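Please read the structure below before turning to the comments.
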Protein chains: 2
Amino acid sequence: MAQLSDSIEHFIKDLMTEDAHVELRRNELAQHFGCAPSQINYVLATRFSVDHGYIIESRRGGGGYVRIVRMQTRGEPNLLNILLNRVGNSVDEETAVAIISNLRERDMVTDSEAALMRAAVSRNALALPISAKDVLRAAVFRNMLVQVFKNLEEGKRHDV
Amino acid sequence: MAQLSDSIEHFIKDLMTEDAHVELRRNELAQHFGCAPSQINYVLATRFSVDHGYIIESRRGGGGYVRIVRMQTRGEPNLLNILLNRVGNSVDEETAVAIISNLRERDMVTDSEAALMRAAVSRNALALPISAKDVLRAAVFRNMLVQVFKNLEEGKRHDV
DNA sequence: TTCTATTGACCATCTTTGACTATTATAGCG
DNA sequence: CGCTATAATAGTCAAAGATGGTCAATAGAA
């Protein structure tokens, strides 16, 4: 028997057959399926996570929304997931810089973007006791990695 | 539906495409959008702050008005310093995001770059067991600001 | 039993409104 | 002419409204 979660999953995927992204109201969707709103989060977490090839953006408050973006598997499938795992909870500057160079070589970021990313993860930027630096760097870097992929999907890069 | 606040913001920005300033009646505008007059103040406070690059002047009483002026720091040689001073040793997310929008509106960064910067200074990125979030954010942000200016100088932006 | 799904209580964020306050111009009065 | 009352504006701030997020408890399926 089709689970509620499966129905919701298919419903969302149907919405995405045309476009690589879809925007919806969490509460509306929950109401449509007669379930708790948090059920939607469960579906997103279990079927639309980064390792499933999706990125979620959302906003609260009046006019809030949940946006689901499907990543294109360009080159290695699920490169973002691989990179996020590589970074984990702690990463040193050298590794971060290497990953950034790699993204540049794949032409996934511009020179400027790469430079910005290096600026954000540099020793300089993270004025903290050494032990904590790598942890903070990982957090900042992970966030930026996700953004790189969102940029690619959303065609925000008009450049190069 | 597009948020009321967003509509008002765009309405005002449309009025400003020609001129660097616009003058309006708070009550008239509120009536035009069928909302409470204080809604206008909310939009001004959240989208036209000094950090966003605007200055608001107003006058009460008969013949009162609200004037919105876009600051022209075009070619301001010291903009980087001004921004670095503004950021200082500690900056909250709201301010950082406002400055990033400002840079975007001045076309000093691309959409992607702006998004990357937001990712780096977001709550999310700094969700750590560290109390001094604003201090860290300031350090990361300062570094990125310097990089934005370097990017501009080095003409690394082949885009737009 | 063990893994997955569902729910609900509580939290976070963003927007909109309204009551109350502050300021300014102007008409009327002495 | 100077003063005051009134009308016409705009500002502030706290509460209510509108969304979405998290997490732990519970229920259901394998």
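Everything numeric here is computed off the predicted structure, so don't read it as measured data. Heavy atoms only: backbone and side chains are in, while hydrogens, waters and symmetry mates are out. So that the names make sense, note that chain A is the first sequence line, chain B the second, and so on, each numbered from 1.
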Looking only at side-chain atoms of A:R60, point me to the closest of C:dA22, D:dG21, C:dT17.
-> D:dG21
Sugar-phosphate, base or nothing in reach of B:R67, heavy atoms under 4.0 Å = nothing
C:dT6 phosphate, OP1 or OP2: any side-chain N/O from A:Y42 under 4.0 angstrom?
-> no
Do A:S49 and A:D51 have side-chain atoms, one donor and one acceptor, less than 3.5 Å apart?
-> yes
Roughly how many Å is it from CG in B:L4 to C1' in D:dT19, rounded to a whole number?
-> 16 Å
Take atom CG of A:L29 and atom P of D:dT19, then tell me their distance rounded to the nearest Å.
-> 14 Å
For the pair made of CD1 in B:I56 and P in D:dT12, what is the distance, rounded to whole Å?
-> 11 Å
Rounded off to whole Å, could you give me the CD-to-P distance for the B:Q39 and D:dA10 pair?
-> 15 Å
Name the nucleic acid region contacted by B:G64, choosing base, sugar-phosphate or nothing; use a 4.0 angstrom heavy-atom cut-off, strictly under.
-> sugar-phosphate
Just call it for A:S5: base, sugar-phosphate, or nothing, with non-hydrogen atoms closer than 4.0 Å on any strand.
-> sugar-phosphate
Examine the base of D:dG21 for any acceptor or donor lying under 3.5 Å from a partner atom in the side chain of A:R26, and report the outcome as yes or no.
-> yes
Within this structure, what is the CG-to-C1' distance between B:N41 and C:dC20, rounded to whole angstrom?
-> 14 Å
Donor-acceptor contact below 3.5 Å, side chain A:R70 vs main chain A:M16 = yes
Quick one: A:R59 CZ to D:dT19 C1', roughly how many Å, whole number?
-> 11 Å
Mind calculating the distance between CD (B:Q3) and C1' (C:dT16) to the nearest angstrom?
-> 9 Å
With B:H10, which residues qualify under ring-ring contact (aromatic ring centres under 6.0 Å, His included), at least two apart?
-> none
Are B:F11 and B:Y65 joined in one hydrophobic group, where the rule is that I, L, V, M, F, W and Y side chains link up if heavy atoms are under 4.5 Å apart?
-> no
Euclidean distance, atom CG of residue B:N27 to atom P of D:dG11 [Å, nearest integer] | 10 Å
Can you find an N or O donor on one side and an acceptor on the other, under 3.5 Å apart, linking the side chain of A:S38 with the base of D:dG21?
-> no
With a 4.0 Å cut-off on heavy atoms, is B:S58 in touch with a base, just the backbone sugar-phosphate, or nothing at all?
-> sugar-phosphate
Which residues share a ring-ring contact (aromatic ring centres under 6.0 Å, His included) with A:Y42, sequence neighbours left out = none
Could you work out which one of D:dG21, D:dA10, C:dT17 sits closest to the side chain of B:A36?
-> C:dT17
